[in-house]
Amino acid sequence: MERLSALDAEFLHVEDGIAHMHLAGACVFEGPIPEYGDVEQLLRSKLHLIPRYRQRVRSVPLELGRPVWVDDPHFDLGFHLRHAALPAPGDAAALDSLMGRVMSLPLDRERPLWEVWFVEGLAQDRWALLFKVHHCMIDGIAGVQLLTVLLDLTREVEPVEEVPWEPEPEPSGAAKVLDAWSGLASDVAELGKGLPRALTNPVDTARTVGTTVGGLARYLRGLAAGEPHSLSGSIGPHRTWSHSEVSLAEVKQVRAAFGGTVNDVVLAVVAAGYRELLLWRGDDADRAEVTAMVPVSTRREDARGVPDNRVSMVLCELPVHLADPLERLRSVQEQMGEAKASHEADAGEVVTQAVDLAPPMVVGPLSRLIIRALRRRPQRLIDTVTTNVPGPQFPLYCLGREMVSYLPYVPIYHGVRVGTAILSYNGKLAFGVTGDRTSVPDVHVMAGAFPAALDELRELAATRGRAR
């Protein structure tokens, strides 16, 4: 029996039938299209490598502890592997439409919280696997790691046998409560281990506390409601999605010319996409303020195989009001540099660790109360989420077919009508834009603006190179 962390449990608490908390990725492969039975056998043979995928979430009586993972005694792979075919001509728009419909449906809480959709009918004799997994199971980094478990590093298809599996019986309610409180005692004891070290090194302790407080203060200063625009507000349960791809080498070319990081260039491109969408929708982009929550991985080297959430957050005011692409990039570089210097992500990690010690019977009801309030009056402090996940820079294969694209999906939430996921794979950078289907059905405008925004920066970089 394994307890969910406080952050994992929170992704369950905040799901309310309108805001669906699942992540996803569309993996597009070259042909020929395999048989459905071959895909099913592949998944069946790999399940022993990812035991979480045969477990379901069960609550602790009276919420005296955080929910736990237990084996599903009725696990049925046929329920989790779905089958769909795109209508001709099977273009990008058809795949986008299918992704939007699939992501509009909640996952069944009585079963393991994942699905894989086997999709036929893509143009150029291609096919796809849509992986849909609840956010309480994985973050973006863990999702990429799990994909490398399911897929192969070479075209060679080696026969694999299914490993026999027998589910462990679900513990009693009393055992769950006892485990929860013994686990809480262990967490407190672990926290107490650092107390002697803190007392014997007061200077280092004071410095750590100071940087944490400073980072938290900067984070709180960034939470300020700006001028209202059409990309923030209430949402419904249905989603729309669109994607585009660019060359990772071209992104690095811009970074080499103007400094900063690859993520700075990506955020500047995202800001350009938001500006284009605001202009398309008739908003005053020159006065708009778009505050983005940017997840930052806190996963350590020793946690590579742990499928859970290990993230903190920083805030970035996307410079959508700036028409000049280089000014947008400079603005992002400055903000992200300040966030790093102020240890904003470290402060978020400390807060997350502290929440692990909070009584679950308080956290759960309080979270649900806040969600009910947000449904009536959506928050206006954060306008969007933008997550950038590094993927493998080498080809992956499924049943001997190379994966040619890896397209990401990020959920949206009350007050956040648009979200952007970015994922790099084998020399490409893919953008996936999620929108509320009712209020922002035109996210394709934003997705289509990303390649053009990168072209602008790349041309400026080339001009600078010629001048040198």
Side-chain angles (χ1 to χ4, degrees), residues 8-26 56-57 67 79-80 82 84 86 93-117 119 130-140 143 228-243 277 281 293 295 309 364-365 367-387 407-421 432-447:
D8 294 345
E10 192 63 16
F11 285 121
L12 286 174
H13 294 322
V14 300
E15 192 172 50
D16 64 352
I18 293 178
H20 313 302
M21 289 290 103
H22 40 247
L23 304 174
R56 56 181 179 171
V57 176
F79 177 84
H80 298 275
R82 312 292 179 89
L86 299 181
L95 180 61
D96 290 352
S97 179
L98 176 64
M99 178 72 97
R101 293 199 304 273
V102 170
M103 296 305 123
S104 299
L105 303 174
L107 290 161
D108 187 348
R109 291 282 187 97
E110 293 300 313
R111 298 175 182 270
L113 297 173
W114 65 277
E115 295 173 357
V116 174
W117 288 71
V119 183
L130 305 188
F131 290 87
K132 175 181 174 183
V133 187
H134 201 283
H135 209 336
C136 73
M137 291 176 63
I138 61 170
D139 58 20
H229 50 74
S230 66
L231 301 185
S232 63
S234 59
I235 63 172
H238 303 295
R239 302 290 170 263
T240 185
W241 182 80
S242 188
H243 77 276
L277 183 56
R281 296 173 62 81
M293 182 174 66
N309 289 277
S367 297
R368 291 189 289 272
L369 180 64
I370 293 173
I371 297 315
R372 286 195 292 270
L374 288 177
R375 290 180 66 166
R376 294 191 298 269
R377 187 179 181 84
Q379 60 84 29
R380 290 186 46 235
L381 302 178
I382 295 173
D383 300 295
T384 186
V385 59
T386 301
T387 175
L407 313 173
Y409 171 97
V410 66
I412 57 176
Y413 204 64
H414 297 290
V416 176
R417 289 175 168 173
V418 181
T420 308
V433 186
T434 305
D436 173 58
R437 188 177 182 87
T438 301
S439 59
V440 192
D442 41 8
V443 293
H444 63 279
V445 174
M446 184 171 162

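For clarity, every value in this text was computed on a predicted model and none was experimentally measured. Computed from heavy atoms alone, side chains included, the values below leave out hydrogens, waters and symmetry copies.
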Quiz item: Just checking, is any N or O donor in the side chain of H22 or E115 under 3.5 Å from an acceptor N or O on the other one?
Solution: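 Their side chains do not contain a donor-acceptor pair, so the 3.5 Å distance test is not met.
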Shortest non-hydrogen contact between [X] and [Y], atoms and distance:
X: H238; Y: D436; answer: O-OD1, 3.6 Å
X: A447; Y: S242; answer: CB-OG, 3.6 Å
X: L277; Y: D442; answer: CD1-O, 3.5 Å
X: D108; Y: L113; answer: O-CD2, 3.3 Å
X: A9; Y: P67; answer: CB-CD, 4.0 Å

Check: [X] side chain, [Y] main-chain N or O, donor-acceptor pair, under 3.5 Å:
X: H243; Y: D96; answer: no
X: T384; Y: V418; answer: yes
X: R56; Y: E110; answer: yes
X: T434; Y: V410; answer: yes
X: R109; Y: L12; answer: yes
X: R239; Y: G236; answer: yes
X: S104; Y: G100; answer: yes

Considering only heavy atoms from C-beta outward, does the side chain of [X] approach that of [Y] to under 4.5 Å?
X: H414; Y: I235; answer: yes
X: H20; Y: M103; answer: no
X: L86; Y: L95; answer: yes
X: W241; Y: L407; answer: yes

Exercise. Answer yes or no for R82 and F79: cation-pi contact, defined as NZ/CZ to six-membered ring centre under 6.0 Å and angle to ring axis within 45°.
Key: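 Cation-pi check for R82 and F79: passes.
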